[in-house]
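Note that ligands are numbered from 1 as they come in the structure, with each ligand's atoms numbered from 1 the same way. From a predicted model like this one, the values you see are computed outputs, not experimental measurements.
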Amino acid sequence: MGIRTGEQYIEALKARKPEVWLNGRLVENVFDEPYFKQPILEIAKLFDLQHDPAYQDDLTHICEETGERVANSFLFPRSYEDIMKRSKAFEVVARQTYGLMGRTPDFLNSVVTSLAQNSWFLKKYNEDWAKNIENYYRHLRDNDLFLTHAIVNPQNDRSKNSHQQSDTFTHLGVVEERKDGIVVRGAKMLATLAAITDEVIIYSFPGFAPGDERYALAFALPIDTKGLKIICREPAQDGTRSTFDHPLASRYEEMDALLIFEDVFVPWDKVFLYNNVEAANLLYPMTGIAEQPAHQSGVRGYIKLAFAVEVACKVADSIGVDQYLNVSRDLGELVQSVEVIRALLRTAEREYTITEHGEARLNPDTLETIRGMMPEMYPRAIEVLQTIGAGGLLMMPTEADFLNEELRPSIDRHYGGREGVDAELRIKIFKLAWDLCGEAFGMRALQYERYYTGDPIRKRSIFYNKFKKNHSFDLVESILSKEDKGVKETVK
Ligand SMILES: Cc1cc2nc3c(=O)[nH]c(=O)nc-3n(C[C@H](O)[C@H](O)[C@H](O)COP(=O)(O)OP(=O)(O)OC[C@H]3O[C@@H](n4cnc5c(N)ncnc54)[C@H](O)[C@@H]3O)c2cc1C
Ligand SMILES: Nc1c(O)cccc1C(=O)O
């Protein structure tokens, strides 16, 4: 089949009945649910974009294996040109949602693509696992499916490993092995967009210890598989708020969920890893899933940061405060942060290496630097936005006020900005800003940048320890190795 249209994506959603829990009730049909309607339409637009002649060449290519048109996120990167084709596609997608939707289809396409491209790793442990991930990649690519993923154990008792939790199945693990597959039980988080996806893939960040064998697993399933409960967090919008009042929250809410597997059957052909602590711990560092999805995240994060910085500049300009040194200094800092991320991205792409298996991998240290800097740069942009908008962020009228004929003259007189900025423009800019820096939507978008890639504190510490282990310290070694001379000889 190859690339789907938005309508095909929606038809598939309508045909499915996943067990989605929202605000204490079971959702009848996700498409008719006001909370999900607009986000579904935003995702549908991304599928449609693949058919738009203005974007098709940036987003898709003809698959060598099938002759069908497929998304560029499924392209095995083998050269700099492939890397840049993927980069362009990530950017086109990110621009559609201003980088605010992190788990658009291209993210997990990249995860599965990197796993399939590196199936040699799984093959070392089990030939079937390698064959299964290759077939799953084809299934995803050729049907253009939309995936969610859950790779973190819920925060029950972080001081203990999975097998030490009070209940054996607090964390997701295998409860039974059958001739035709495995039965899994327990919970996994934090499946963004789960309710409106086609399928789910489960694997884990490293951290398994001996005793954790039953939890060391990777598999995929349709999202409406029997026994899979999807419990959504409290929504940040209810589908009734206008795009005037909440231009971002009304469109780009990415619902997150906890997944609970209640004795769910997984057929062997959908199992990619099982009962092997070593393989589970090496999956992330060895299979490119630390790099290919991070390329998507880096590009998307760059667009999101650039967007937040533009909003901050517009807020400052609209009320004439960017003439003050303190404000223009802060804005200059933000503009430079965007430039830093752009430069890091280009460096990571340019400094690719070809692995012994023919994969073109971005510079991992530069990618990790993006992962390390964004949890500081994005919150800083939001903090500056809050500071510059100050009290004005809280006093904007609603769309209903704005449309009230009796009120309108007062609004026009008192809500305008500097010369040339009328009340409507100022209100729109400030409402955009509040969605980003005050609303639950904006706080979730901030929390996403802090944690989407794991705990930034431990990741930085791991980065330093790796640096210490591998770095030659040649600069310091060079001066330390110079022969010492007395004062009289040194000055000669
Ligand atoms: C908005 C959002 C969307 C997300 N979407 C997804 C998704 O789609 N799929 C998915 O799988 N995941 C997703 N994630 C989850 C993400 O992978 C995790 O949040 C991330 O890995 C951090 O783990 P945690 O939240 O369990 O925090 P924890 O690891 O529990 O950390 C909590 C705190 O305790 C400290 N801490 C915990 N353990 C240790 C330790 N051993 N040593 C030192 N300090 C420690 C940390 O520094 C941190 O301050 C998402 C997260 C967010 C915020
Ligand atoms: N955050 C990630 C994820 O959820 C899946 C795969 C990779 C990452 C990452 O940031 O490296």
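- Between Phe47 and Phe146, the ring-plane angle classifies as perpendicular under the 30° and 60° cut-offs.
- When only non-hydrogen protein atoms are considered, atom 11 (O) of ligand 2 lies nearest to Tyr284 OH, 2.5 Å.
- Ion pairing of Arg444 with Asp256 is present here, as a side-chain N (NZ or NE/NH1/NH2) and a carboxylate O approach within less than 4.0 Å.
- Between Gln50 and Asp144, the side chains place a donor N or O and an acceptor N or O closer than 3.5 Å (distance only, hydrogens not considered).
- For the pair Glu134 and Lys131, the salt-bridge criterion is not met [side-chain N within less than 4.0 Å of a carboxylate O].
- Heavy atoms of Tyr203 approach ligand 2 to within less than 4.0 angstrom.
- Within a 4.0 Å radius of atom 30 (O) of ligand 1, the protein contributes one or more non-hydrogen atoms.
- For atom 33 (C) of ligand 1, the nearest protein heavy atom is 4.0 Å or more away.
- With hydrogens left out, the protein atom closest to atom 1 (N) of ligand 2 is Tyr452 O, 2.8 Å, a heavy atom.
- Close N/O approach between Thr192 and ligand 1 is found [any backbone or side-chain N/O within under 3.5 Å].
- Annotation: Lys459 places no N or O atom under 3.5 Å from an N or O atom of ligand 2; distance criterion only.
- A cation-pi contact, defined as under 6.0 Å to the ring centre and within 45° of the axis, links Arg103 to Phe107.
- Counting heavy atoms closer than 4.0 Å to ligand 1, residue Gln155 contributes side-chain atoms (C-beta onward) but none from N, CA, C or O.
- Each of the following atoms of ligand 2 lies closer than 4.0 Å to a heavy atom of Arg371: 9 (C), 10 (O), 11 (O).
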Item to check | Trace of the side chain to side chain contact (heavy atoms under 4.5 Å, CB included) decision for Tyr136 with Leu115 | outcome: CA-CA 10 Å; Tyr136 189 68; Leu115 287 172; over 6 Å; no
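- For Thr453, no nitrogen or oxygen atom sits less than 3.5 Å from a nitrogen or oxygen atom of ligand 1, counting backbone and side chain alike.
- Taking every non-hydrogen atom of Asp256 and a distance limit under 4.0 Å, the qualifying atoms of ligand 1 come out as 3 (C).
- Under the 4.5 Å side-chain criterion, counting only non-hydrogen atoms from C-beta, Arg214 is in contact with Thr168.
- The shortest heavy-atom distance from His149 to ligand 2 is under 4.0 Å.
- Side chains of Tyr274 and Glu177 form a contact here, defined as non-hydrogen atoms less than 4.5 Å apart.
- A distance-only check finds a donor-acceptor pair linking the side chain of Gln237 to the backbone of Gly239 [under 3.5 Å].
- Annotation: atom 10 (O) of ligand 2 to nearest protein heavy atom, Thr453 OG1, 2.6 Å.
- Under 4.0 Å from ligand 2, the heavy atoms of Ile151 that appear belong solely to its side chain.
- Panel note: side chain Arg78, backbone Glu359; no donor-acceptor pair is recorded below 3.5 Å.
- Of the N and O atoms on the side chains of Asn153 and Lys188, at least one donor lies less than 3.5 Å from an acceptor on the other residue.
- Counting protein heavy atoms only, atom 18 (C) of ligand 1 is closest to Tyr451 O, 3.6 Å.
- When each of Arg233, Arg241, Lys37 is tested with Glu253 by the rule salt bridge (Lys or Arg N to Asp or Glu O under 4.0 Å), just one qualifies, namely Arg233.
- At under 3.5 Å, a nitrogen or oxygen of Asp455, whether backbone or side chain, sits near a nitrogen or oxygen of ligand 1.
- At least one test fails for Arg185 against the ring of Phe261: distance under 6.0 Å to the centre or angle within 45° of the axis.
- Close to ligand 1: Met189, with a non-hydrogen atom less than 4.0 angstrom away.
- If you check which protein heavy atom lies closest to atom 7 (C) of ligand 2, you get Ile289 O, 3.3 Å.
- With respect to the salt-bridge test (charged N to carboxylate O, under 4.0 angstrom), the residues Glu449 and Lys304 qualify.
- Remark: the Glu349 side chain and the His295 side chain contain an N/O donor-acceptor pair separated by less than 3.5 Å.
- Comparing Tyr448, Phe107, Tyr203 by heavy-atom distance to atom 2 (C) of ligand 1, the nearest is Tyr448.
- In terms of protein heavy-atom proximity, atom 11 (O) of ligand 1 is nearest to Ile151 N, 2.8 Å.
- Protein heavy atom at the shortest distance from atom 21 (O) of ligand 1 is Gly454 CA, 3.2 Å.
- Relative to the six-membered ring of Phe31, Lys14 meets both conditions, a distance below 6.0 Å and an angle of at most 45° to the axis.
- When only interatomic distances are considered, the shortest N/O to N/O separation between Ile457 and ligand 1 does not fall below 3.5 Å.
- The option from Arg458, Arg158, Arg444 that lies nearest to atom 39 (C) of ligand 1, judged by heavy atoms, is Arg458.
- Nearest protein heavy-atom contact of atom 53 (C) of ligand 1 is Gln447 O, 3.6 Å.
- Relative to atom 50 (C) of ligand 1, the option among Asn153, Leu193, Leu190, Val152 with the closest non-hydrogen atom is Leu190.
- With a 4.0 Å cut-off on non-hydrogen atoms, Arg103 touches ligand 1 through its side chain and not its backbone.
- Residue contacts with ligand 2 include Arg103, since one of its heavy atoms falls under 4.0 Å from the ligand.
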